[in-house]
Every structure is written in structure tokens, then in C-alpha cells.
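Residue indices begin at 1 and follow the sequence shown. As the structure lists them, so they are numbered: ligands from 1, and atoms in each ligand from 1.
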Amino acid sequence: MDVKRRYFDYAATTPMHPEVIKSIQPYFDKVYGNPSSLHIFGQEAQAAITQSRDLIAKYINAKTEEIIFTSGGTEADNFALIGVFEANAKKGNHIITTNIEHHAILETCKFLEKHRGAKITYVPVDKYGLVDLEAVIKAITPQTILISVMHANNEIGTIEPIAGIGKVAKEKGIYFHTDAVQTFGSLDLDVEKLNIDLLSASAHKLYGPKGVGLLYIRKGVRILPFLHGGEQERRRRASTENVPGIVGFGKAVELAIEEKQERHQHVTILRDKLIKGILEKINESELNGHPTKRLPNNVNVTVKYIEGESMLINLDLEGIAASTGSACSSSSLEPSHVIKALGVSPEVAHSSLRFSLGRLNTDEDVDYLLEALPRIVKKLREMSPLYKKK
Ligand code: PLP
């Protein structure tokens, strides 16, 4: 029998909004010019890019020319860290980040440490996943050139105190980068108010297309180009622009602004119902992440004595798509570095599950999940030697 599929993995990616699909369509076969071409075909494509860039810049209170389109969040993170590191080598070689960043940041830091002589300080977080501003301040040395702290964590949903970090960075004359991939389009983002110098975002997390993102670079920030070649993106990122992707990104941001209130309210209600239901129905379950400073669509729980993967497989059989953490590391059997950073035991780290909600989830989806999960947990615990031993 076919089961109805229910998607609870919006933090991994989202389905494109129908309006986004409609907006992109003409750019495959009608407006297909190369934006660098001087003729009308090229001009039309260039105009579409400019329109998207303007709209997106306005959303974060940036200037149009401060937005550089990339192939996604990963490229934006690589660009920010490597570009700033290489352009500021004379000033220093120290970067401060946290131990709960996405792999796009952590692996880039490792690369810089191993191959470019960077010194990286990984600031720890508290049991809610919150970065301590004092720890960031303490880590600053005369060699510090960049602080990179994510806006909100993709696994546990904790929203970080980036306003405070931005303020300190500005006072000390250190660049501040934030990975806003999980918050772009859903939370307020003002690069002036928050003193952000560089910001990464990705369209596919906000009902836009995959394979397109951006790096905001404040005017005056010293950064080397990331891709060398043509003169696109103000010579900072060569390669013919992904015109349909950029148009779709712009439309996705426009819709996110229009529907902000409605989307926020919708997922918050479902999130709170889901958290309450899980904690009530499943004994020895705990919420991971901060109880209030969290993304409106994130539910991350630990269900003791059973592995997250076993729950995922069983949920999948009932049509429920969830995740144990980041989609990028789901093929690894290592427990999540984010849950481990909360100071829990490895067994507990293996027992976490993430449900991330979105605009197409319904109240009935949540009821279905709240019926299926406790039943699955009961079955798995009956088979679990860890549960029997206690
Ligand atoms: N940063 C964060 C916080 C993310 O959640 C993701 C995607 O999961 C990325 C970066 C990578 O973005 P992309 O998939 O566009 O490369």
C-alpha cells in the first residue's frame, strides 16, 4: 500500500514555490542571452539579474553592488573565509569561529589550518548551543582578522547572539562574517544594525532553486576574488551567471518578505505543538537547542536508548521524512558534531532527531507524526539492550 508522504526536512531543502517556478521559466528558452553580451538578448538577462540583486540587497539593507551571487551557501562560506584570509595575510592569520558551524565553515577552516598556516579558535557553546560572547571576546588576539559565527544553527535551531558579536568585531576592527543560510528569508536581517561585514545565504532553503546563493560583502572589505576568469560579479566571481537561478532567488526573497508573518506563525504553531506532543508522549525524551531562542520551524529531540537512524528508517517506512542532523553528513555514522558540542554523551548524541517544518506542513501532518513516533519508539526500545538494562 502506498503511504502518504510527509516532509519534515525543510532545513535540508525546500520545494520550489510555484511562483518561483513560474518566474524562472522564461529564462530557460526566451530570455537566454549571456548577461555579458552587448546585444538585446544579453541586456535583458543582465536587467533581470540587476532586478534580483536590488531586491535582495534591500531585504538585508545592503547596497546592490555588495551582493555577489554564488553557486550556493557552501561556496559563499568558502569565499568569505578563504578570500578574507588571503587578502589580509599581512595583518594576521587568526580566525575565530564556533564548534557548531556547518561543515562548509568547519572544513574550510581545517583547509586553511592545514594548507595556509591559519590559526583557528573554535569557541565552544553552552548546553543550549548558544555561543558565549565573552568567550569570543577572550579569544581575540592582535592577529585576529575574522570572526565567523552562524546566525542560527541548522541542526538544533539555536539563534546566536550575532548583534553582540558584530558590535564587538566592529569596535576591534575585525571583520564579522555570518552564515545566514538557515535564517535568510525567515528572520529579520539588517547588515547595518547587526554590523555584519560578510553574509552567506542559499536560495534552496527558502523555496528557491538549488545551486544558487550569495555572499554579501560590505564595501571596503579586503577580500580576494574566488573564481578567476571573466569580469562577472565585479571581477570577484568569474563565470557566466546562473540567470534562472538568480531570478528564482530574487522571487523567493520577494515572496518570503510578502508571506513572512503568515509563514512564521504557521510553522511556530506546528513547532510548538510537535515539541509539546513529543515530550509528553515519549518518556526520557529531551529538546535539543534553546527553548526560546530557536528557529520557528526547528524541532530537535533526543530519544534516549535508541539510535536516530533506526527511528529515521522506521519513520520513512510510514511516509515521514526527517533527519538526524545535517543532510550533508547523513551518510556518516559519526554522531552529529553539533549535538556532541552540547556536552552530551556519545550515546545521547546518537539518539537525536530533527524535524524541520515548512509552509506545506499541516496540523494533520503533525498529528500523524505524533501518533507514529511514540509507537515506533516503543517498538525500538523493546528491542534495545540499553533500554532493557536500565
Ligand atoms: N550553511 C548552513 C548553515 C546550511 O544549513 C547549509 C545547507 O545545509 C549550507 C551552509 C550549505 O548551503 P548549500 O547547500 O547551498 O551549499
Side-chain angles (χ1 to χ4, degrees), residues 7-16 20 56 67-82 97-111 122 125 129-131 148-160 162 165 177-187 189 196 198-216 226-227 237 239 242 244-246 248-249 252-253 256 288-289 294-300 321-332 336-339 341 352 354-358:
Y7 190 71
F8 291 92
D9 207 8
Y10 283 80
T13 196
T14 59
M16 269 207 265
V20 171
I56 292 173
I67 304 292
I68 305 292
F69 289 112
T70 65
S71 66
T74 300
E75 185 189 314
D77 285 344
N78 273 256
F79 185 0
L81 266 55
I82 297 171
T97 188
T98 79
N99 58 1
I100 60 161
E101 298 297 310
H102 189 270
H103 287 295
I105 293 289
L106 293 178
E107 291 299 315
T108 307
C109 285
K110 268 197 219 160
F111 165 81
Y122 300 89
V125 294
L130 268 184
V131 177
S148 179
V149 175
M150 67 200 321
H151 189 194
N153 185 268
N154 49 305
E155 295 189 30
I156 54 173
T158 300
I159 300 171
E160 300 298 344
I162 61 164
I165 298 169
H177 167 254
T178 191
D179 176 337
V181 169
Q182 289 292 334
T183 56
F184 204 83
S186 77
L187 299 189
L189 269 170
I196 295 166
L198 302 116
L199 176 149
S200 306
S202 180
H204 73 102
K205 309 286 184 179
L206 56 137
Y207 310 99
K210 293 172 180 58
V212 59
L214 66 83
L215 181 65
Y216 155 77
F226 197 60
L227 292 181
R237 201 262 181 195
S239 182
N242 172 2
I246 292 169
F249 196 177
V253 171
N288 295 314
R294 74 183 300 123
L295 288 172
N297 72 333
N298 174 287
V299 178
N300 189 309
S323 141
T324 52
S326 156
C328 324
S329 51
S330 54
S331 53
S332 123
S336 144
H337 68 284
V338 177
I339 305 284
S352 67
R354 178 187 73 184
F355 301 99
S356 43
L357 298 147

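Taking only nitrogen or oxygen atoms, main chain and side chain alike, Lys205 reaches within less than 3.5 Å of ligand 1. Polar contact check, Ala12 against ligand 1: no nitrogen or oxygen pair lies under 3.5 Å apart.
Judged purely by atom type and a 3.5 angstrom limit, Lys205 uses its side chain to pair as donor or acceptor with the backbone of Ala12.
In this comparison of Ala76, Gly73, Ser71, Gly213, the heavy atom closest to atom 12 (O) of ligand 1 sits on Gly73.
The shortest heavy-atom contact between Gly245 and Pro209 is O-CG, 3.6 Å. A pairwise comparison of heavy atoms in Ile68 and Phe79 identifies CG2-CE2, 4.0 Å as the closest pair. Scanning both residues, Ile159 and Leu130, for their nearest heavy atoms gives O-CD2, 3.5 Å.
Proximity to Asp77 (heavy-atom distance under 4.0 Å) selects the following atoms of ligand 1: 1 (N), 10 (C). The contact set between ligand 1 and Gln182, taken as ligand atoms under 4.0 Å from a residue heavy atom, comprises 5 (O). If you number the atoms of ligand 1 from 1 as listed, the ones under 4.0 Å from a heavy atom of His204 come out as 13 (P), 14 (O), 15 (O). Atoms of ligand 1 found under 4.0 Å from any heavy atom of Met150, numbered from 1 in the order shown, are 3 (C). The contact set between ligand 1 and Thr74, taken as ligand atoms under 4.0 Å from a residue heavy atom, comprises 11 (C), 12 (O), 13 (P), 16 (O). Atoms of ligand 1 found under 4.0 Å from any heavy atom of Ser202, numbered from 1 in the order shown, are 13 (P), 15 (O). The atoms of ligand 1 that sit less than 4.0 Å from any heavy atom of Gly72 are 15 (O).
Within the 4.0 Å heavy-atom criterion, neither part of Glu101 lies near ligand 1. For Lys210, no heavy-atom contact with ligand 1 is shorter than 4.0 Å.
For the pairing with Arg354, the side chain to side chain contact (heavy atoms under 4.5 Å, CB included) check across Val338, Ile156, Asp9, Thr324 returns one residue only, Asp9.
Here Thr158 contributes atom OG1 and His151 contributes atom NE2; the two are 12.0 Å apart, rounded to the nearest 0.5 Å.
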- Applying side chain to side chain contact (heavy atoms under 4.5 Å, CB included), run through Phe355 and Asn297 and close with a yes or a no. CA-CA 8 Å; Phe355 301 99; Asn297 72 333; over 6 Å; no
- Task: Go through the steps for Thr97 and Val149 under the test side chain to side chain contact (heavy atoms under 4.5 Å, CB included), then give the verdict.
- Result: CA-CA 6 Å; Thr97 188; Val149 175; 5.7 Å; no
